[in-house]
Engineer: 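To start, I am sharing the structure in question, which I have written as structure tokens.
Because only heavy atoms are used, hydrogens play no part in the values below, and waters and symmetry mates are left out as well, while side chains stay in. One-based numbering along the sequence shown.
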Amino acid sequence: MPDGTEPLRVAVIGAGLSGLSAARTLRDRGHEVRIFDKGRGVGGRTATRRSDPFAFDHGAQYFTVRNDRFARLVAAWREAGIVAPWPGRIAVLKHGACETANPQERYVGVPGMNAIATRLAEDLDITLQTRITELAREADAWRLADESGPIAGAFDVLIVALPAAQAAELIGGLSDLAESARACTIAPCWAVMLGFDRPPTTGFDGAFVHDSPLSWIACNSSKPGRGAAESWVLHAGPAWSEAHLEDARETVVTALTDAFEQVAGLGPLRPVHADAHRWRYALPPEPLGAGALWDADKRIAVCGDWCHGARIEGAFLSGLSAAGVVPGPAEAQGNEPGETPDIPERDQ
């Protein structure tokens, strides 16, 4: 194995924000990094779906900034036009009343939430539409296989950036980290996407919803950089989503559109576009608060928002924590093992 100063061969499983932030940091530290993801694109829940002329951020809706390192990067993204503040009118709908939500600076990717992941993925070696189904530890190296068979190459370090249940299943029997992942639950979320030729009159751009199947509703077209076509995203609450996990999309669209009409005091809505998407793993109710998990003997790290915090910032910082435990030049320069390095701010 390398002694901590030579480049390592690193496999990252998962191209959500945690996996991308880990891979970006390790690549910029000189390591050889390859990412694998089962999806058709990067970003996980920082996703944008388009159906002309409509566009929907049907996963993560916005993000906030609390961490200084993350703040520096967001400032660079903002200067580059990748993110922008969303000065939306945010309300709280509760017990039939509409109140103004606490003031807070909220950011969104531009022109969609997936702009952040697209930026992070630049120049990275990413293999999409590849579901890693098997891992093997041979001669101090990790070997991977997908549904078609073994993947060429061996890796010194493995980073698993998947939802807790999927991470536990993949590394079960290979690392004790599987037990920590197995103990963390992640709630589902049904998302409904509605497009209108006539805007509903609501008096708000986004709202946290109580006492309803819904937990959040937002006018996606009110966000900066979006098109003019009136698009709305409805998120069901965790309990409703769990209870209706296997419902048909058409049933979910009808139920949540009806809930939207009720909580917003609207007449019958007639969207010209309607669709639904089920996020099987959406919200970790009780994140571990561990940054990332690290098995030094096996050289495997596990990261995700369920490790650090249930926000975009938490997912991002968990990936940084995973990168921070990987031995390499940063450790040789004096960082303690496991310390999160400053994230590089890449040239525009």
Side-chain angles (χ1 to χ4, degrees), residues 17 44-49 55-66 83-109 112-113 185-194 196 199-224 226 230-245 252-253 255-266 269 271 274 276-279 281-287 305-306 308-315:
L17 283 192
R45 294 194 307 279
T46 56
T48 302
R49 180 176 294 184
F56 306 93
D57 298 322
H58 60 302
Q61 296 293 289
Y62 63 85
F63 65 94
T64 56
V65 179
R66 295 171 175 83
V83 305
W86 177 29
R89 301 163 299 168
I90 307 301
V92 177
L93 305 181
K94 188 175 184 179
H95 302 314
C98 180
E99 302 176 355
T100 301
N102 292 332
Q104 188 174 38
E105 190 158 40
R106 297 174 173 89
Y107 293 89
V108 296
M113 289 298 291
T185 61
I186 302 182
C189 176
W190 269 110
V192 164
M193 295 154 276
L194 303 177
F196 297 93
T201 302
T202 62
F204 55 78
D205 299 311
F208 300 100
V209 186
H210 298 258
D211 313 308
S212 167
L214 296 166
S215 64
W216 167 260
I217 52 182
C219 179
N220 205 77
S221 45
S222 73
K223 298 176 182 178
R226 275 62 175 175
E230 185 83 3
S231 57
W232 283 77
V233 172
L234 321 177
H235 278 181
W240 193 93
S241 296
E242 185 70 48
H244 297 269
L245 194 62
V252 172
V253 167
L256 297 187
T257 301
D258 289 347
F260 180 27
E261 294 172 359
Q262 182 176 359
V263 299
L266 301 170
L269 294 173
H277 178 85
R278 184 185 69 177
W279 295 103
Y281 302 104
L283 179 68
E286 297 182 7
D305 59 356
W306 58 273
H308 193 286
R311 293 177 286 112
I312 282 182
E313 183 181 67

Engineer: How would you list, by chain and number, every residue that makes a side chain to side chain contact (heavy atoms under 4.5 Å, CB included) with R226, sequence neighbours excluded?
Structural biologist: D57, V108, V110, M113, N220, K223
Engineer: Are the ring centres of W306 and Y281 closer than 6.0 Å?
Structural biologist: no
Engineer: Looking at residues at least two apart in the chain, or sitting in another chain, which of them share a ring-ring contact (aromatic ring centres under 6.0 Å, His included) with H58?
Structural biologist: H277, W279
Engineer: Before you tell me yes or no, could you show the steps for W240 and V252 under side chain to side chain contact (heavy atoms under 4.5 Å, CB included), namely the whole-Å CA-CA distance, both residues' side-chain angles and the distance that decides it to 0.1 Å?
Structural biologist: CA-CA 10 Å; W240 193 93; V252 172; 4.2 Å; yes
Engineer: Taking all non-hydrogen atoms of both residues into account, name the closest pair between S221 and S231 and its distance.
Structural biologist: OG-N, 3.2 Å
Engineer: Closest approach of S215 and A236, non-hydrogen atoms and distance?
Structural biologist: OG-O, 3.5 Å
Engineer: Any side-chain heavy-atom pair from T46 and F63 closer than 4.5 angstrom?
Structural biologist: no
Engineer: Suppose we screen for side chain to side chain contact (heavy atoms under 4.5 Å, CB included). Which residues come up paired with P271, at least two apart in sequence or across chains?
Structural biologist: L194, F196, L269, A274
Engineer: Holding to side chain to side chain contact (heavy atoms under 4.5 Å, CB included), I want the full list of residues that pass it with A315, two or more places apart in sequence or in another chain.
Structural biologist: L17, S18, D305
Engineer: Tell me if the CD atom of Q262 is crowded by more than 12 foreign heavy atoms within 6.0 Å.
Structural biologist: no
Engineer: Is any side-chain heavy atom of I90 closer than 4.5 Å to one of F208?
Structural biologist: yes
Engineer: Which residues pass the side chain to side chain contact (heavy atoms under 4.5 Å, CB included) test with P199, sequence neighbours left out?
Structural biologist: E230
Engineer: Heavy-atom count around E286 CD within 6.0 Å, excluding the residue itself: above 12?
Structural biologist: no
Engineer: How close do A259 and S212 get, counting heavy atoms only, and between which atoms?
Structural biologist: CB-OG, 4.1 Å
Engineer: Restricting to ring-ring contact (aromatic ring centres under 6.0 Å, His included), what partner residues turn up for Y62, sequence neighbours left out?
Structural biologist: W216
Engineer: For T185, enumerate each residue passing the side chain to side chain donor-acceptor pair (under 3.5 Å) test, keeping only those at least two apart in sequence or located in another chain.
Structural biologist: none
Engineer: Partners of R89 by salt bridge (charged side-chain N to carboxylate O under 4.0 Å, His left out), sequence neighbours excluded?
Structural biologist: D205
Engineer: Any side-chain heavy atom of I217 sitting closer than 4.5 Å to one from L93?
Structural biologist: yes
Engineer: Could you pull out all residues at least two apart from R106 that satisfy salt bridge (charged side-chain N to carboxylate O under 4.0 Å, His left out)?
Structural biologist: none
Engineer: Using side chain to side chain donor-acceptor pair (under 3.5 Å) as the criterion, list what pairs up with D211, not counting sequence neighbours.
Structural biologist: H95
Engineer: With sequence neighbours left out, what residues match E313 under salt bridge (charged side-chain N to carboxylate O under 4.0 Å, His left out)?
Structural biologist: R311
Engineer: Kindly indicate whether the side chain of W86, heavy atoms from C-beta on, has any atom under 4.5 Å from the side chain of S222.
Structural biologist: yes
Engineer: Could you pull out all residues at least two apart from E105 that satisfy side chain to side chain donor-acceptor pair (under 3.5 Å)?
Structural biologist: Y107
Engineer: Where do M193 and A276 come nearest, in terms of heavy atoms and distance?
Structural biologist: CE-C, 3.9 Å
